[in-house]
Amino acid sequence: GLEGERSVLSQSVGELERLRDDLSGDTASRAAMIGQFEEQNSYLTRRIEEEELRLQALREASREGTAAIRRLNEEKLALEGERNRADKEIRDKNDELVRMEGEVSNLENKAAAAALEELFAKLDRLQSGDVLVLAGSIPASLPDDIYQRILARLANREILTAVDATGRLLRAVLPYHPFLIKPNIQELGDLFGFEDLEFMEGVDLARQLQNEGARNVVVSMGGGGAFLLTEDQQLYSAKACTGRVSNTVGAGDSLVAGILTGLKQWEDFGKALQMGVAAGSATAFSGWPGTRALTEELMERVKVEKIPL
């Protein structure tokens, strides 16, 4: 290092002085030795200067590195500050969102309670012989057991209730003995874990739903028509009308409406099924709820068979 070379230089100077004294009598030898040591001294001087320049460059690089590290630390602190501010804003926004959701939930609960109270008031105005149809899924604003609560409220009031629902929702209402339920053939199989039901297999499962509480069961079979198993174990089957299908949405609802209307008009399950299948076909062919005129026209093409059990 630099200190070592300085030490070597100091020793060389000392030796040069001693040799100068020792060789005082020999001018030529003294001159040669002096030249040799001066050359060595010049080399070491250059080396020292080079080392000093290198050390200076290292010191400069060190200062620049320290400054860069300081800048990076400052930038890091600034970024951490921004992150902390952003985190606080997010927490504040989340708290505000939770508060607003709570307010919305309270309003929704109040609105749902008011709507439920209004619904029950309407149900209380139903009279003996009236018909109530419960269809589709339950809105999120209403309790999950609303169908059961409605049927329990109407119990023993001689009101005809029909339920067009699926899965657990349908099964949950069976203990309340709905007058009519309407699964389709696939939904019926799904209730019991079966696929691709044959006709009589469907009849057996419909009877099982009666054992669980349903009074009358109508099962729609798409292009295959529908069958109706009554509570007194009369089985009726009707083939679907042939025609150009526009849209099947609402056809099942029309089937239920036609059966209930037919029962009111004729008090005959066979005629009721005939009107129901015709009404479902009228909707499927029209692309919107079929008219009564089209339903009555199609009734002439629906053949109903009573099948002995």
Side-chain angles (χ1 to χ4, degrees), residues 133-137 147 161-260 262-263 268-285 290 295 298-309:
V133 178
L134 303 176
S137 58
Y147 278 7
T161 56
V163 179
D164 183 3
T166 61
R168 289 179 297 177
L169 182 56
L170 175 61
R171 208 153 212 161
V173 305
L174 297 182
Y176 298 89
H177 308 293
F179 176 78
L180 179 70
I181 63 172
K182 188 213 73 66
N184 62 39
I185 192 68
Q186 180 178 342
E187 293 165 350
L188 180 62
D190 291 343
L191 282 171
F192 296 93
F194 294 107
E195 297 181 357
D196 302 324
L197 294 176
E198 298 292 337
F199 178 81
M200 288 309 299
E201 291 175 332
V203 173
D204 290 339
L205 295 184
R207 185 179 293 111
Q208 179 60 39
L209 292 180
Q210 289 179 325
N211 293 337
E212 295 181 32
R215 293 173 58 187
N216 302 285
V217 182
V218 59
V219 178
S220 58
M221 299 183 293
F227 71 81
L228 173 62
L229 182 65
T230 69
E231 59 184 327
D232 61 354
Q233 297 304 293
Q234 302 297 310
L235 177 62
Y236 298 89
S237 175
K239 298 295 184 182
C241 298
T242 58
R244 182 178 178 275
V245 175
S246 176
N247 193 334
T248 61
V249 174
D253 297 329
S254 297
L255 169 63
V256 172
I259 290 174
L260 294 173
L263 282 174
D268 180 285
F269 278 102
K271 291 288 289 183
L273 181 60
Q274 184 182 27
M275 175 170 270
V277 171
S281 298
T283 294
F285 297 161
T295 297
L298 292 176
M299 278 187 68
E300 300 178 2
R301 295 161 52 186
V302 176
K303 305 302 180 184
V304 177
E305 179 184 3
K306 186 175 181 180
I307 302 174
L309 292 176

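Each residue takes its place number in the sequence, starting with 1. Only heavy atoms go into these numbers, but all of them, side chains included; no hydrogens, no water, no symmetry mates.
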**Q** In a table with atom names and distances, give each donor-acceptor pair under 3.5 Å that connects a side chain of residues 230-246 to protein atoms at least two apart or in another chain.
**A**
residue : atom : partner : partner atom : Å
T230    : OG1  : D232    : OD1          : 2.3
T230    : OG1  : Q234    : N            : 2.9
T230    : OG1  : Q234    : O            : 3.4
E231    : OE1  : R215    : NE           : 3.2
E231    : OE2  : R215    : NH2          : 3.0
Q233    : OE1  : R207    : NE           : 3.0
Q233    : NE2  : Q210    : OE1          : 2.7
Q234    : OE1  : K306    : NZ           : 2.7

**Q** Listing request: all side-chain hydrogen bond (donor to acceptor under 3.5 Å, both in side chains) pairs with a residue in residues 173-182, at least two apart in sequence or in separate chains.
**A** K182-S220

**Q** Nearest heavy-atom pair of E201 and E198: which atoms, and what distance?
**A** OE1-N, 2.7 Å

**Q** Please give me the minimum heavy-atom distance between A162 and V256, naming the atom from each residue.
**A** CB-CG1, 4.1 Å

**Q** Quick check: do L209 and I181 have side-chain heavy atoms less than 4.5 Å from each other?
**A** yes

**Q** Determine the interplanar angle of the F199 and F227 rings, folded into 0 to 90°, and report it as parallel if under 30°, tilted if 30 to 60°, perpendicular if over 60°.
**A** perpendicular

**Q** To check you understand the geometry: which heavy-atom pair defines the closest contact between P178 and V163, and what is its length?
**A** CB-CG2, 4.0 Å

**Q** Using a 6.0 Å distance limit plus a 45 degree cone around the ring axis, check whether R171 lies over the aromatic ring of F192.
**A** yes

**Q** Going from CD1 on I307 to CG on L309, what distance comes out if it is rounded to the nearest 0.5 angstrom?
**A** 8.0 Å

**Q** If you take all heavy atoms of G167 and L191, which pair is closest and at what distance?
**A** O-CD2, 3.5 Å

**Q** Looking at CG of N216 and CD1 of I259, how far apart are the two atoms once the value is rounded to the nearest 0.5 Å?
**A** 9.5 Å

**Q** Any idea which heavy atoms bring G136 and A165 closest together, and the distance?
**A** O-CB, 4.4 Å

**Q** When you measure from the side chain of Q208 to the backbone N and O of L205, does any donor-acceptor pair fall under 3.5 Å?
**A** no

**Q** Are V217 and L228 close enough that some pair of their side-chain heavy atoms sits under 4.5 Å apart?
**A** no

**Q** Does any part of the side chain of L273, heavy atoms only, come nearer than 4.5 Å to the side chain of V218, both counted from C-beta?
**A** yes

**Q** Say whether, by atom type as modelled, one donor and one acceptor occur between the side chain of E212 and the main chain of L174 under 3.5 angstrom.
**A** no

**Q** Less than 4.5 Å apart, any side-chain heavy atom of L255 and any of V277?
**A** yes

**Q** side-chain contact (heavy atoms from CB on, under 4.5 Å), that's the test. Do T295 and M275 meet it? Break it down for me.
**A** CA-CA 7 Å; T295 297; M275 175 170 270; 4.3 Å; yes

**Q** Taking atom CG of L134 and atom CG of L170, what is their separation to the nearest 0.5 Å?
**A** 11.0 Å

**Q** Give me the atom names and distance for the closest heavy-atom approach of I185 to G202.
**A** CD1-CA, 4.3 Å

**Q** Say you draw a straight line from CD of Q186 to OG1 of T166; how long is it, rounded to the nearest 0.5 Å?
**A** 10.5 Å

